[in-house]
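If you're wondering where the values come from, they're calculated on a predicted model, not measured in any experiment. As a basis for the values below, the full set of heavy atoms in this structure was taken, side chains included, without hydrogen atoms, waters or symmetry mates.
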Amino acid sequence: MSQTVRIQNIAQHVGQTIIIKGWLYAKTGKGRLQFLQIRDGSGIVQGVMFKPNLPKEVFDAGKRLSQESSIIVTGTVKEDKRAKGIPKGYELDITDLKIVQVAEDYPITPKEHGIEFLMDNRHLWIRSRKQWAILRVRAVVMQSLRQWLHEHGYLEMSTPIFTPSVGEGTTTLFKTDYFGEPIYLAQTGQLYNEANIFSFGKVYCFGPTFRAEKSKTRRHMTEFWMLEPETAYQDLDGLMEMIEQIVSYTVAQCLERCQDELEILERDLTKLKQITLPFPRISYDEALEKLADIRNNIQDHELKKLLEIEWGSDFGSPHETELTKLYDKPVFVYGYPSQCTAFYMEPWDDRPEVSKSIDLLAPEGYGEIVGGSERISDPELLLERIRHDNLPEEAFKWYIELRKFGSVPHSGFGLGLGRTVAWICGVRHVRETNPYPRTLGRVYP
RNA sequence: UCCUCAGUAGCUCAAUGGUAGAGCAAGCGGCUGUUAACCGCUAGGUUAUUGGUUCAAAUCCAUUCUGGGGAGCCA
């Protein structure tokens, strides 16, 4: 009885007769010679059926197989430099083929398709090479982020998804019913992690967050995964060091472990290899100067108008895009005006109109992938900010209380998983980085 | 919420006021090195909806719906 092998390990079985359990990805034939592209979830290998090598009924059945039929194939592994599978260089001489199910007409043919059609068939589209590669990179990114945090003493904490209306107060929340009472889907776990650090010192949460913004762009989903570490006794400089370390580590892990995937995605690896320490840091004020320079050297009137900005306003995505074009690495922008940042951010020493906030902007036009800040540690100042923003004081009672029992400087950030994966993979739209993306107007499948 | 583009065969598209068509997919046949193979044949249509203009509408006008891209906001 031959051994069942996963395609990713096929190199260890050259010359052996093995079994592969999988699906027919594609097929092309030339009479008595048939080529089957077989995938098993871990890779793709080309199986060759030569009529004289198989029982007639097996060959004929194989020749008639439809795309995505499930099959169990027996064959001999051959090395062949020209073979284009994943991994490259191996081929299977088929000696037997058992059909588990003949698939019905498969809608996603190896041709061009529109995005609406592909999204309607997302449950099938994830089988396609590029989508398969992106979602594998996503899994490696998730694992690498957790690995870095684990190695640096962070504990993963679960923060609630059902939350009272406590949030940053800025973005729109999804409202639902909790036994007759209104309740909201979490847009962040940060406030709970600020409580958690007083018990554990270093924590993070990693899960879905929800924003009811009517944003219809390639950077937005209504449900997206966010990594949110929070660290006691960490100032803004410490925060930036942590972010550049975890981001560069994650990119390095992808380069090491996802070579086949990044090749499928035709990712320019030289761009990723440049993601090394340290990342450039510019202040909000310096960013405004750079934007003014850019604007002065631009002919396009429409873009020129889009890039207009006054001190005190947050950057729009056109500003971010232009700024990131100046660098080969992700760039930190720190010290945003307090008026455009959240209530809980610590003011700059001697400059209260500026907050100890940072964004990390990814290169190649991918824009903001991380937002973070040092948090206010003084209970009086926090209360003042809550009142200033007209937030419900009672709801923040517990949050203010954290600053009364051993308050310490602390900081944290949120990293958008989809945007980070999109950048690493070089895919344009975040929806392809999520197995079942929820976007404005789409919740199927 | 605003701006903008689109909707024709299962899919991708063509037909610009005058008989709705091609490629791929599907079915049948052929082929020993294919990689989106190739060749021949077969079948496939309420042109998103509703109304209007016209001798005549996929085409022009209006409406509604659905989707794409973007702004604002954000990860």
A.B. asks: Using Watson-Crick or G-U wobble geometry with both distances under 3.5 Å, which nucleotide pairs with B/rU1?
C.D. replies: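 Pairing partner, where one exists within any strand: B/rA71.
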
A.B. asks: As a test of reading the structure: which of B/rA71, B/rA75, B/rU35 is closest to the side chain of A/K84, going by heavy atoms?
C.D. replies: B/rU35

A.B. asks: Determine which nucleotide pairs with B/rA26, using a 3.5 Å limit on both distances of a Watson-Crick or G-U wobble pair.
C.D. replies: B/rU42

A.B. asks: In whole Å, measure the gap between the P atoms of B/rG45 and B/rC31 for me.
C.D. replies: 32 Å

A.B. asks: Taking NZ from A/K30 and P from B/rA37, how many angstroms apart are they, rounded to a whole number?
C.D. replies: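 So the two atoms are 13 Å apart, to the nearest Å.
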
A.B. asks: Under 4.0 angstrom, heavy atoms only, what part of the nucleic acid is A/G29 near: base, sugar-phosphate, or nothing?
C.D. replies: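 It contacts base atoms.
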
A.B. asks: If you measure from the C1' atom in B/rA75 to the same atom in B/rU59, how many Å do you get, rounded?
C.D. replies: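 Comparing C1' positions in B/rA75 and B/rU59 gives a spacing of 44 Å.
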
A.B. asks: Pick the C1' atom in B/rC13 and in B/rA25, then give their distance to the nearest Å.
C.D. replies: 14 Å

A.B. asks: Assess whether one donor atom and one acceptor atom, taken from the side chain of A/T109 and the base of B/rC24, lie less than 3.5 Å apart.
C.D. replies: no

A.B. asks: Roughly how many Å apart are B/rA56 and B/rG18, using the C1' atom of each and rounding to a whole number?
C.D. replies: 7 Å

A.B. asks: Without decimals, in angstroms, what is the distance between A/E112 CD and B/rG10 P?
C.D. replies: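 Checked: the CD to P distance equals 19 Å.
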
A.B. asks: Could you tell me whether the side-chain ring of A/F35 sits stacked on the base of B/rG33, using a centroid cut-off under 5.5 Å and a plane angle under 30°?
C.D. replies: no

A.B. asks: Tell me what A/V370 touches on the nucleic acid: a base, only sugar-phosphate, or nothing, going by heavy atoms under 4.0 Å.
C.D. replies: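 Sugar-phosphate: the residue A/V370, judged by heavy atoms under 4.0 Å, touches backbone atoms but no base.
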
A.B. asks: Which of these nucleotides, B/rA75, B/rG67, B/rG69, is closest to any side-chain atom of A/R431?
C.D. replies: B/rG69

A.B. asks: From B/rG29, B/rG33, B/rA26, pick the nucleotide closest to the side chain of A/V48?
C.D. replies: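 Side chain of A/V48 sits closest to B/rG33.
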
A.B. asks: Quick one: A/L118 CG to B/rG68 P, roughly how many Å, whole number?
C.D. replies: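 Value for this atom pair: 12 Å.
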
A.B. asks: Per the atom types in the model, does the base of B/rC11 pair as donor or acceptor with the side chain of A/H113 at under 3.5 Å?
C.D. replies: no

A.B. asks: A/R218 side chain N/O closer than 4.0 Å to the phosphate oxygens (OP1, OP2) of B/rA75?
C.D. replies: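 Answer no for this pair, as no side-chain N or O of A/R218 is under 4.0 Å from OP1 or OP2.
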
A.B. asks: Ignoring hydrogens and angles, does a donor from either the side chain of A/E116 or the base of B/rU66 sit under 3.5 Å from an acceptor on the other?
C.D. replies: no

A.B. asks: Between atom NE2 of A/H152 and atom OH of A/Y204, what is the distance when rounded to the nearest 0.5 Å?
C.D. replies: 13.0 Å

A.B. asks: Looking at B/rG33, B/rC73, B/rC31, which one has an atom nearest to any side-chain atom of A/K63?
C.D. replies: B/rC31

A.B. asks: Is there a side-chain polar atom (N or O) of A/K214 under 4.0 Å from OP1 or OP2 of B/rU1?
C.D. replies: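 So the side chain of A/K214 is within the cut-off, an N or O lying under 4.0 Å from OP1 or OP2 of B/rU1.
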
A.B. asks: Closer than 3.5 angstrom, by distance alone: can the side chain of A/R138 be matched with the main-chain N or O of A/T433 as a donor-acceptor pair?
C.D. replies: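 The answer is yes, because a donor-acceptor pair under 3.5 Å joins these two groups.
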
A.B. asks: With rounding to the closest Å, how many angstrom separate the C1' atoms on B/rU49 and B/rC65?
C.D. replies: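 The answer is 7 Å between these two C1' atoms.
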
A.B. asks: Specify the residue among A/M226 and A/D80 whose closest nucleotide of RNA chain B lies further upstream toward the 5′ end.
C.D. replies: A/D80

A.B. asks: Heavy atoms under 4.0 Å, any strand shown: does A/G316 hit a base, just sugar-phosphate, or nothing?
C.D. replies: sugar-phosphate

A.B. asks: Under 4.0 angstrom, heavy atoms only, what part of the nucleic acid is A/E223 near: base, sugar-phosphate, or nothing?
C.D. replies: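 Contact class for A/E223: none.
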
A.B. asks: Compare the minimum distances between each of B/rU34, B/rC74, B/rA71 and the side chain of A/D314, then state the nucleotide with the smallest one.
C.D. replies: B/rC74

A.B. asks: Of all the choices, B/rA71, B/rG67, B/rC74, which nucleotide is nearest to the side chain of A/P318 once you look at every atom?
C.D. replies: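 The nucleotide sitting nearest to the side chain is B/rA71.
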
A.B. asks: Choose from B/rA75, B/rC31, B/rG33 the nucleotide whose nearest atom is closest to any side-chain atom of A/Q46.
C.D. replies: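 My answer, after comparing the listed nucleotides, is B/rG33.
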
A.B. asks: Choose from B/rU34, B/rG68, B/rC24 the nucleotide whose nearest atom is closest to any side-chain atom of A/K216.
C.D. replies: B/rG68

A.B. asks: Does the base of B/rC74 carry an N or O that pairs as donor and acceptor with the side chain of A/R419 under 3.5 Å?
C.D. replies: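 Per atom types, the contact qualifies.
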
A.B. asks: So A/M221, base contact, sugar-phosphate only, or nothing? Heavy-atom distance under 4.0 Å.
C.D. replies: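 A/M221: base contact, heavy atoms under 4.0 Å.
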
A.B. asks: Relative to the 5' end of RNA chain B, which residue comes earlier, A/L360 or A/T217, by the nucleotide with the nearest heavy atom?
C.D. replies: A/T217

A.B. asks: When you compare the side chains of A/S283 and A/D285, does any donor N or O come within less than 3.5 Å of an acceptor on the partner?
C.D. replies: no

A.B. asks: Return the nearest nucleotide to the side chain of A/R219; candidates are B/rA75, B/rC73, B/rU34.
C.D. replies: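 So the side chain of A/R219 is nearest to B/rC73.
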
A.B. asks: Mark yes when over 12 heavy atoms from residues, nucleotides or ligands other than A/H150 sit less than 6.0 Å from its NE2; otherwise mark no.
C.D. replies: no

A.B. asks: Taking a pair as Watson-Crick or G-U wobble with both distances under 3.5 Å, which nucleotide is matched to B/rU64?
C.D. replies: B/rA48

A.B. asks: Within a radius of less than 6.0 Å around CD of A/E266, do more than 12 heavy atoms belonging to other residues, nucleotides or ligands occur?
C.D. replies: no

A.B. asks: How close or far is atom P of B/rU35 from atom CG of A/L36, stated in whole angstroms?
C.D. replies: 15 Å

A.B. asks: Where the side chain of A/F224 is concerned, which of B/rG10, B/rA75, B/rC74 is the nearest nucleotide?
C.D. replies: B/rA75

A.B. asks: Counting any heavy atom closer than 4.0 Å, what does A/R428 reach on the DNA or RNA strands: base, sugar-phosphate only, or nothing?
C.D. replies: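 Sugar-phosphate only.
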
A.B. asks: Salt bridge check: are A/E322 and A/R295 linked by an N-O gap of less than 4.0 Å?
C.D. replies: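 So A/E322 does not pair with A/R295 through a salt bridge.
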
A.B. asks: Hey, are A/E68 and A/R39 close enough for a salt bridge, meaning a charged N less than 4.0 Å from a carboxylate O?
C.D. replies: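 Yes, charged N to carboxylate O under 4.0 Å.
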
A.B. asks: May I ask you to check whether over 12 heavy atoms, not counting those of A/K175, lie within 6.0 Å of atom NZ?
C.D. replies: no

A.B. asks: Measure CG/A/D359 against P/B/rA75 and give the value in whole Å, please.
C.D. replies: 7 Å

A.B. asks: Please state how far atom CE in A/M49 lies from atom C1' in B/rU35, giving the value in whole angstrom units.
C.D. replies: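 Atom-to-atom, A/M49 to B/rU35, this comes out as 16 Å.
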
A.B. asks: Between B/rG27 and B/rG44, how many Å separate the two C1' atoms, rounded to a whole number?
C.D. replies: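 One C1' to the other, the span is 11 Å.
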
A.B. asks: Side chains of A/S317 and A/R219: donor-acceptor distance under 3.5 Å anywhere?
C.D. replies: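 Yes, side-chain donor-acceptor contact under 3.5 Å.
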
A.B. asks: Spell out yes or no: do the side chain of A/S215 and the base of B/rG72 have one donor N/O and one acceptor N/O closer than 3.5 Å?
C.D. replies: yes

A.B. asks: Mark yes or no for a side-chain to base donor-acceptor pair under 3.5 Å between A/E91 and B/rG33, with no hydrogen or angle criteria applied.
C.D. replies: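 Result: at least one qualifying N/O pair found.
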
A.B. asks: Going by purine N1 to pyrimidine N3 plus the second Watson-Crick contact, or the G-U wobble pair, all under 3.5 Å, which nucleotide sits opposite B/rG18?
C.D. replies: B/rC55

A.B. asks: May I have the distance from A/Q34 (atom CD) to B/rG30 (atom C1'), rounded to whole angstrom?
C.D. replies: 12 Å

A.B. asks: Check whether any side-chain N or O of A/K111 sits under 4.0 Å from OP1 or OP2 of B/rA25, and answer yes or no.
C.D. replies: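 For B/rA25, OP1/OP2 do not have a side-chain N/O of A/K111 under 4.0 Å.
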
A.B. asks: Without decimals, in angstroms, what is the distance between A/R32 CZ and B/rC31 C1'?
C.D. replies: 10 Å

